[in-house]
Amino acid sequence: MTQQPPITLIGGGLVGALLGMLLARRGFRVELFEKRPDPRTAGFMGGRSINLALAERGLHALRQAELADDVLAHAVMMRGRMVHARDGGADLQRYGVDDSEVIWSVSRGALNVLLLDAAEAAGVSMHFGQALTDVDFEARRMRVVDADGHAREHDASILIGADGAGSTLRAAMEVRQPLGIRVEPLGHGYKELEIPPAAGDGRARFTLEPNALHIWPRGGYMCIALPNTEGSFTVTLFLPAQGAHPSFAGMPDAAAAMPFFRDDFPDLLPLIPRFAEDYDGHPVGTLSTLYLDHWHLDGRALLIGDAAHAIVPFHGQGMNCGFEDTVVLADLLAGNGRDSADAFAEFQRIRQPNADAIAEMALENYVEMRDSVADPHYLARRQLGSLLAARIPEHYMARYRMVTFTHLPYAYALERGRQQDALLRRLLDGSTDAHAVDLDAAVAAFRSELPTLPRG
Ligand code: FAD
Ligand code: E0Q
């Protein structure tokens, strides 16, 4: 094998750790620098359990790394979203057609630890507590600083930034060559709260249905809850950051938030015994979409994952998309006769249209989650869609399923979803009763107007 150039990875989060592992496995020498201390010895996020939804795209990348089984062994299956109405009623909307189409709730901390272990075992040399601060792209050197402020210099011939939405590498690249950065704030923030497990064992520990993603949609805002293996749930409240009630600015502390929560989430509040401690102790997170014109500086530096394309979380695809990135990039870099400049350019060419597409779908899903899951027109389209999915699976697949359960490019899912939705609207013609539509005519319309879906 030819001598491979060393690769310097910035960030040992979800994407950086997986990418490091895949590159090391393909014979690259990889040096990974992570700002935070090693979570395997220092613990993660003060021990708070934060979870994420893992879907087919992320799982596929984990399968390539032979880590999927390990990850799923510590995951909770979610069959659909359980929608909690104001009156306390709850209804499960299945994500897929059957139990082969489910998503998984995984602990962010545990997943990161598993990926770091795998990266280390694959031969990545890891440097924790070392934050990138500056890059000299001419000299191909970079500076990292430890928690005590001690600076060190390192080789930076080929840099890959998996350092997240606030990427320092991106800022350093921007100084060398403008990247065309656009940050579009959502204007809504989030706060995490915890539903602890009940006494008992197994399923008895879960105070809500364990195998679901719970949503309390309330119009302009909402709560969600994802299950953890120990029986707890992590609740996330999404709310306007500023402005008229309710907003985070208008409810700066638990005393202000409690009456609002009691009114709008009466069934949820009693499940959160440490509401005040959680509300006052946990920060308000910000949410934005990030777009860049340039993801790389010739062959010297590339951004990947959130550093290149942070999105809002409402489709549960940020990590899944970043994991899909890692497989594409590792394949390109390992491809014969490609230097890093070619590989980086090709990576952006392939991935950017797809990152743009999932960014748009994630924004749309916020509105859908907050409002439309209760809208009769939306429900009628959903229902007609399910009838068609059963009759003509080769001609109709819900956009959510393309995004969540296939490897079809995100850009394809967005475009195909638009065409399908237009046709569903036309067939329903304002009706909210899917069964009033002539199904044979609908089948014929889909067959004649849309091409067969790609296989797989
Ligand atoms: P990060 O996870 O942010 O990792 C970046 C790493 O770089 C960190 O370890 C950081 O310490 C390190 N770093 C930063 N600066 C430096 C520096 N200067 N030097 C060295 N290291 C540095 N995605 C899903 O797929 N499913 C979900 O259900 C989901 N839910 C979400 C819910 C919320 C509320 C949010 C905010 C996001 C959610 N996401 C979800 C998105 C997901 O969290 C991100 O897409 C994912 O974490 C991106 O991984 P990353 O490795 O690119 O960045
Ligand atoms: C999923 C799974 C944070 C978050 C993560 C998610 C989802 C949602 C709403 C949110 C979308 C959905 N969804 O249920 O349609 O599928 O990951 Cl808010």
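For ligands, and for the atoms within them, numbers begin at 1 and follow the listed sequence.
For the pair Arg218 and Phe260, the cation-pi test (distance below 6.0 Å, angle within 45°) is failed.
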*Phe347 and His296: ring pair (Phe, Tyr, Trp, His ring centres under 6.0 Å), yes or no, with the steps?*
CA-CA 9 Å; Phe347 176 75; His296 68 109; 9.3 Å; no
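Judged purely by atom type and a 3.5 angstrom limit, Ser232 has no side-chain atom pairing as donor or acceptor with the backbone of Asn228.
When only interatomic distances are considered, the shortest N/O to N/O separation between Met319 and ligand 1 falls below 3.5 Å.
Side-chain contact check for Tyr396 and Gln420: no donor-acceptor pair (N or O, by modelled atom type) lies under 3.5 Å.
When the heavy-atom distances from atom 28 (O) of ligand 1 to Gly13, Ala53, Pro39, Gly164 are ranked, the shortest goes to Ala53.
Distance from atom 11 (O) of ligand 1 to its nearest protein heavy atom, with residue and atom name: Glu34 OE2, 2.6 Å. For atom 47 (O) of ligand 1, the closest heavy atom belonging to the protein is Arg108 NH1, 3.0 Å.
Screening residues 158-194 for ring-ring contact (aromatic ring centres under 6.0 Å, His included) gives His188-Tyr366 as the qualifying pairs, with residues at least two apart or on separate chains. Sorted by first then second residue, the salt bridge (charged side-chain N to carboxylate O under 4.0 Å, His left out) pairs that include residues 310-329, not counting sequence neighbours, are Arg57-Glu324, Glu324-Arg351, Asp325-Arg351.
The part of Ala162 lying near ligand 1 is the backbone, judged by heavy-atom distances below 4.0 Å. When non-hydrogen atoms are compared, ligand 1 lies under 4.0 Å from the backbone of Phe33 (N, CA, C, O) but not from its side chain. Residue-level proximity to ligand 1 for Asp306 is carried by backbone and side chain together, each with a heavy atom below 4.0 angstrom. Contacts between Leu132 and ligand 1 below 4.0 angstrom, taking non-hydrogen atoms only, involve backbone and side chain alike.
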Give every pair formed by an N or O atom of ligand 2 and a protein N or O atom closer than 3.5 Å, one pair per line with both atom names and the distance to 0.1 Å, or write none.
unit_1   : atom_1 : unit_2 : atom_2 : d
ligand 2 : 14 (O) : Arg81  : NE     : 3.0
ligand 2 : 14 (O) : Tyr95  : OH     : 2.8
ligand 2 : 15 (O) : Arg81  : NE     : 3.4
ligand 2 : 15 (O) : Arg81  : NH2    : 2.8
ligand 2 : 15 (O) : Asn365 : ND2    : 3.1
ligand 2 : 16 (O) : Tyr400 : OH     : 2.4

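Every salt bridge (charged side-chain N to carboxylate O under 4.0 Å, His left out) that Arg381 has, sequence neighbours left out, goes to Asp421.
Heavy atoms from other residues, nucleotides or ligands lying under 6.0 Å from CZ of Arg143 number 12 at most.
Ring centroid separation for the pair Phe261 and Tyr279 does not come in under the 6.0 Å cut-off.
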